[in-house]
K.L.:
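Once you've had a glance at the structure underneath, I'll fire off some questions.
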Amino acid sequence: MATRIAALLIPLVLVSFLASAVFWSSLRRLPAPSEENVHVLVELRPWPECQVELPQMWHARLPLSFPVALEETTRIPRTVHFVFGLKENSVPALSFVNFVSVASALSVIRPSRVLLHCIHEPVGFFWELLRPHVELVHARDVESIFGNPVRHYAHKSDILRLEVLLEYGGIYLDMDVVTLRPFDELLNNEAVMGFEGERGRIGLCNGVIIAAPNASFLREWYQSYHSFNQSQWNFHSVVLPKILASEHPDEVRQLAHDAFHWPLWDADGTKVMMDSFSYNYSSNLAVHVWNHGISRGPYANFSMSWCFECHSTLISMLRHYVPDPLFSVVMPCHRQAQYIEEALESLVSQTFPSWEVIVVDDASSDSCADVAEGFANRTHIESRLTVLRNSGNIGLAGSRNLAIRAARGVWICSLDADDKIHPEYFARAAHAMSLRPDLQLISADQQFFGLSQWRWVLPPWTLATITSTGPLPVMSLFLRSLWEQVGGYSASMPWGNEDYDFWMKLFEVGAKNVKLEGPALTLYRHKASSMMRDSESYVDEERSMLKTRHPLLFGPSKLLSAHEVVMNMSTPTRHKLRHLQGRDDLSDEDRRFGAFWLALADFGDGSYSAASSSLSQLAPSTRLGWQPALYIALAACKRNGSEAVRLLDELAALNKRLA
């Protein structure tokens, strides 16, 4: 008897040791969670109506579409150049102002090409929107010019823009220049620049340069860098061009200060741009927003949400460049028609108006879709509502995935039809993502209403909390591109928890996240019966299945305990799993996990041959990891000790490949 027990235990110990090694080595490779629980304090102003229009009307409706490029018939090519991402050891996130700069050039100038010259490619959702419309050009790192060292990225950019225009010709714009009117009348000159300061008292600013290829003025300007001294901050970029222009007036057309670079970057100028309606920009072809100055002054908190709050003429005009819809709300509905109008009303009440909602009637017997359409007609939000009707019930995960595929927005909010969100939720989120455009996930505390008034104060976003408690409210915001990256919501969970599983997947890929401080911005209806409360009888089973889906987050001992629970799953759970396995919309990965759980149930029943057969048919999966191979080996231990040795060798080889 002792020999037989040893024969069973020794392989198990070996497998557990090997699994542990794979687990901890894999965990070390997990992306580090970024800036856990960053607190963003947001103070919002009231939002009156504000009617200031752009000179050239265009709206950033998604998916983005820009006017057709105009023909090349001018001396200066209709090619727009930007220089970005030159800082050492940085991953540059494209900001809202950067987005407006590029989008306004595309929509107003109507260029044949837009080239972004960079060392480090931008990141963030604004870049995801613009990437299909821009050509990326790898820029050289300007370490010296004519033997003079160049260290600051701003000076590197000054030199690169001259080299680019000498080679290509075209229109160079700083990434904080907003184009208001076409430049057509300027494109038959050899070179064009605008004054910085009244009558050019500061110089000719290189934030906008329009030039033909190999323009003589640019050649002389470039040659002047023989005397470059990096301690003279703006001499070669602003002061010297004015001196050269006075010596060679026929080589460059000089425009008044209000063509491109007015208001100025000083305190009075930034106040006009950010907090005044005293200037109407009627003479401006473009406006230089001077982003570096604004980011350090009293307007450092400028964000997209300001565009709907009537701060100034300029900011009100920029509302047309807020991506619309920025937020896509996905709202599955099954027998919740009595609540859905409250959920929709919480959207209509948002102070930030750039959203859409996709309601999915999941074969509901109470006509959720009809109620939603009736509400939209009464409140005049028909253009913001899309209704999808499922012929059969596919559940929350399937309905959410279906709605997200139909969504146009950049950010996704999964709002159940019986819940609500705070009126300032989207505004505060837009503010946070403007300050940190690299964000991928945004959350906030949750207030219960109905039978409970409890407030859920979210814990820090750490491995300890992600593996022990429900980490985030379902209404937390995430990038659609992140949903695509992790494969969406899993439809294989028999009793729900697809949102918990989804947050774990986002943690595994290192999603950059922030928690919004202040009031609880997500509102959960606590009622006598709900899908979550109805599944409480099976909570141990569903949490154990959840653990098996994330072997990198749980150690081998926790996984082996979870396996034991799954082996002894209840009859209703088996029936639900078998039903789910027959679904057409199940992904290959979800189908593999369903088969794994059913095989564990067979193992628990003592049907070792059936379990081994099912597990052997599973394709290798990084997410499943070593788990199937363990039970193939253990099943063999039950049947044939020598066969187990061979299978353990195969397990070791498999783990080596997965590691």
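Computed over heavy atoms, backbone and side chain alike; hydrogens, waters and symmetry mates excluded.
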K.L.:
Check whether more than 12 heavy atoms from other residues, nucleotides or ligands sit under 6.0 Å from atom NE2 of His579, and answer yes or no.
P.N.:
no

K.L.:
Any chance the side chains of Trp454 and Gln447 put a donor and an acceptor closer than 3.5 Å?
P.N.:
no

K.L.:
Distance from Leu546 atom CG to Thr548 atom OG1, nearest 0.5 Å?
P.N.:
8.0 Å

K.L.:
Does Val329 form a side chain to side chain contact (heavy atoms under 4.5 Å, CB included) with Leu347? I'd like the steps, not just the answer.
P.N.:
CA-CA 9 Å; Val329 180; Leu347 299 179; 3.8 Å; yes

K.L.:
Ignoring hydrogens, what is the shortest heavy-atom contact between Leu586 and Leu580? Give both atom names and the distance.
P.N.:
CD2-O, 3.4 Å

K.L.:
Grab the two heavy atoms, one from Ser490 and one from Glu498, that are nearest each other, plus how far apart they are.
P.N.:
O-CB, 3.5 Å

K.L.:
Is there a donor-acceptor contact under 3.5 Å from the side chain of Asn497 to the main chain of Met493?
P.N.:
no

K.L.:
Under the 6.0 Å and 45° cation-pi test, does Arg455 pair with Phe448?
P.N.:
no

K.L.:
What's the separation between atom CG in Asn568 and atom CG in Asp605, rounded to the nearest 0.5 Å?
P.N.:
8.5 Å

K.L.:
Closer than 3.5 angstrom, by distance alone: can the side chain of Tyr524 be matched with the main-chain N or O of Asp418 as a donor-acceptor pair?
P.N.:
no

K.L.:
Where do Asp370 and Arg389 land on the salt bridge (charged side-chain N to carboxylate O under 4.0 Å, His left out) test, with the steps shown first?
P.N.:
CA-CA 10 Å; Asp370 294 339; Arg389 290 176 168 85; 3.0 Å; yes

K.L.:
So that I know where these two stand, are Phe507 and His550 an aromatic pair - ring centroids less than 6.0 Å apart?
P.N.:
no

K.L.:
Under the side-chain contact (heavy atoms from CB on, under 4.5 Å) test, which residues partner Val371, sequence neighbours left out?
P.N.:
Ala337, Ile340, Glu341

K.L.:
Using the six-membered ring of Trp495, assess whether NZ or CZ of Lys576 lies under 6.0 Å from its centre and within 45 degrees of the ring axis.
P.N.:
yes

K.L.:
Using side-chain heavy atoms (C-beta onward) and a distance below 4.5 Å, is Trp355 in contact with Val357?
P.N.:
yes

K.L.:
Is the backbone of Gly409 close enough, under 3.5 Å, to the side chain of Arg480 for a donor and an acceptor to pair up by distance?
P.N.:
no

K.L.:
Grab the two heavy atoms, one from Phe596 and one from Leu615, that are nearest each other, plus how far apart they are.
P.N.:
CD1-CD2, 3.5 Å

K.L.:
Nearest 0.5 angstrom please: Leu634 CG to His563 NE2, how far?
P.N.:
10.5 Å

K.L.:
Check whether Ser414 reaches the backbone of Val474 with its side chain - one donor and one acceptor, N or O, closer than 3.5 Å.
P.N.:
no

K.L.:
Output, in order, the C-alpha distance, side-chain angles, deciding distance and verdict of side chain to side chain contact (heavy atoms under 4.5 Å, CB included) for Leu136 and Glu121.
P.N.:
CA-CA 8 Å; Leu136 204 62; Glu121 182 174 352; 3.4 Å; yes

K.L.:
Enter the distance from Arg592:CZ to Gln581:CD here, rounded to the nearest 0.5 Å.
P.N.:
11.5 Å

K.L.:
With a 3.5 Å distance limit and no angle check, can you tell me whether Ser305 reaches the backbone of Ala430 through a side-chain donor-acceptor pair?
P.N.:
no

K.L.:
Please tell me whether Ser609 and Ser612 have a donor and an acceptor in their side chains that are separated by less than 3.5 angstrom.
P.N.:
no

K.L.:
When you check the gap from the basic side-chain N to the acidic O, do Glu517 and Lys515 get nearer than 4.0 Å?
P.N.:
yes

K.L.:
Is the Phe502 to Phe478 ring centre distance short of 6.0 Å?
P.N.:
yes

K.L.:
Can you give me the closest heavy-atom contact between Phe126 and Pro437, atom names plus distance?
P.N.:
CD1-CB, 4.2 Å

K.L.:
Using a 4.5 Å cut-off on heavy atoms from C-beta on, say whether the side chain of Met569 contacts that of Leu577.
P.N.:
yes

K.L.:
Checking side-chain hydrogen bond (donor to acceptor under 3.5 Å, both in side chains) for the pair Glu128/Ser481: CA distance, chi angles, key distance, verdict?
P.N.:
CA-CA 9 Å; Glu128 291 178 11; Ser481 58; 3.0 Å; yes

K.L.:
Where do Tyr608 and Phe603 land on the ring pair (Phe, Tyr, Trp, His ring centres under 6.0 Å) test, with the steps shown first?
P.N.:
CA-CA 5 Å; Tyr608 306 121; Phe603 192 97; 5.1 Å; yes

K.L.:
Side chains of Ser328 and Glu356: donor-acceptor distance under 3.5 Å anywhere?
P.N.:
yes

K.L.:
Under the criterion side chain to side chain contact (heavy atoms under 4.5 Å, CB included), which of Asp445, Leu458, Thr522, Ile442 is the partner of Leu516?
P.N.:
Ile442

K.L.:
Going by disulfide bond (SG atoms under 2.5 Å apart), name the residues that satisfy it together with Cys333, two or more places apart in sequence or in a different chain.
P.N.:
Cys368

K.L.:
Please test Asp362 against Arg400 for salt bridge (charged side-chain N to carboxylate O under 4.0 Å, His left out), starting from the C-alpha separation and ending with a verdict.
P.N.:
CA-CA 10 Å; Asp362 195 18; Arg400 286 175 185 156; over 6 Å; no

K.L.:
Within the side chain of Asp419, is there an N or O that forms a donor-acceptor pair under 3.5 Å with the backbone of Arg525?
P.N.:
yes

K.L.:
Output yes when a side-chain donor or acceptor of Asn401 lies under 3.5 Å from a complementary backbone atom of Ser399, and no otherwise.
P.N.:
no

K.L.:
Please step through side-chain hydrogen bond (donor to acceptor under 3.5 Å, both in side chains) for the pair His431 and Ser303, ending with a clear verdict.
P.N.:
CA-CA 5 Å; His431 188 95; Ser303 72; 3.0 Å; yes

K.L.:
Around atom CD of Gln338, are there more than 12 heavy atoms of other residues, nucleotides or ligands at under 6.0 Å?
P.N.:
yes

K.L.:
Ser616 and Ile632: side chain to side chain contact (heavy atoms under 4.5 Å, CB included), yes or no, with the steps?
P.N.:
CA-CA 7 Å; Ser616 298; Ile632 292 173; 3.9 Å; yes

K.L.:
Minimum heavy-atom separation for Lys420 to Met475, with atom names?
P.N.:
O-CE, 3.6 Å

K.L.:
So do Val359 and Phe375 actually touch side chain to side chain, heavy atoms under 4.5 Å?
P.N.:
no

K.L.:
Counting N and O atoms only, with roles assigned by atom type, does the side chain of Lys505 sit under 3.5 Å from a partner on the main chain of Val486, one being a donor and the other an acceptor?
P.N.:
yes

K.L.:
Can you check whether Cys413 reaches Leu477 side chain to side chain, under 4.5 Å on heavy atoms?
P.N.:
yes

K.L.:
So, the side chain of Glu424 versus the backbone of Gln350: is there a donor-acceptor pair under 3.5 Å, distance only?
P.N.:
no

K.L.:
What I want to find out is whether Glu508 reaches Arg623 closely enough, with some N-O distance under 4.0 Å, to be called a salt bridge.
P.N.:
yes

K.L.:
Taking the basic N atoms (NZ, or NE/NH1/NH2) and the acidic carboxylate oxygens, is any pair closer than 4.0 Å for Arg549 and Asp590?
P.N.:
yes

K.L.:
Measure the shortest side-chain to side-chain distance between Phe99 and Pro323 over non-hydrogen atoms and say whether it is less than 4.5 angstrom.
P.N.:
yes

K.L.:
Determine whether more than 12 heavy atoms belonging to other residues, nucleotides or ligands lie under 6.0 Å from atom CZ of Arg583.
P.N.:
yes

K.L.:
Checking Asp361 side chain against Ser364 main chain: does a donor-acceptor pair fall under 3.5 Å?
P.N.:
yes

K.L.:
Is there side-chain contact between Leu439 and Phe125, with at least one heavy-atom pair below 4.5 Å?
P.N.:
no

K.L.:
So do the side chains of Arg428 and Phe352 get within less than 4.5 Å of each other, counting heavy atoms only?
P.N.:
no

K.L.:
Under 4.5 Å between any side-chain heavy atoms of Glu382 and Glu373, yes or no?
P.N.:
no

K.L.:
Looking at every heavy atom in both Asp602 and Ala610, which two are closest together, and how far apart are they?
P.N.:
OD2-CB, 4.1 Å

K.L.:
Can you tell me how far CH2 of Trp411 sits from CG of Leu326, rounded to the nearest 0.5 angstrom?
P.N.:
8.5 Å

K.L.:
Regarding Thr573 and Glu541, do their side chains bring together a donor and an acceptor under 3.5 Å, going by distance alone?
P.N.:
yes

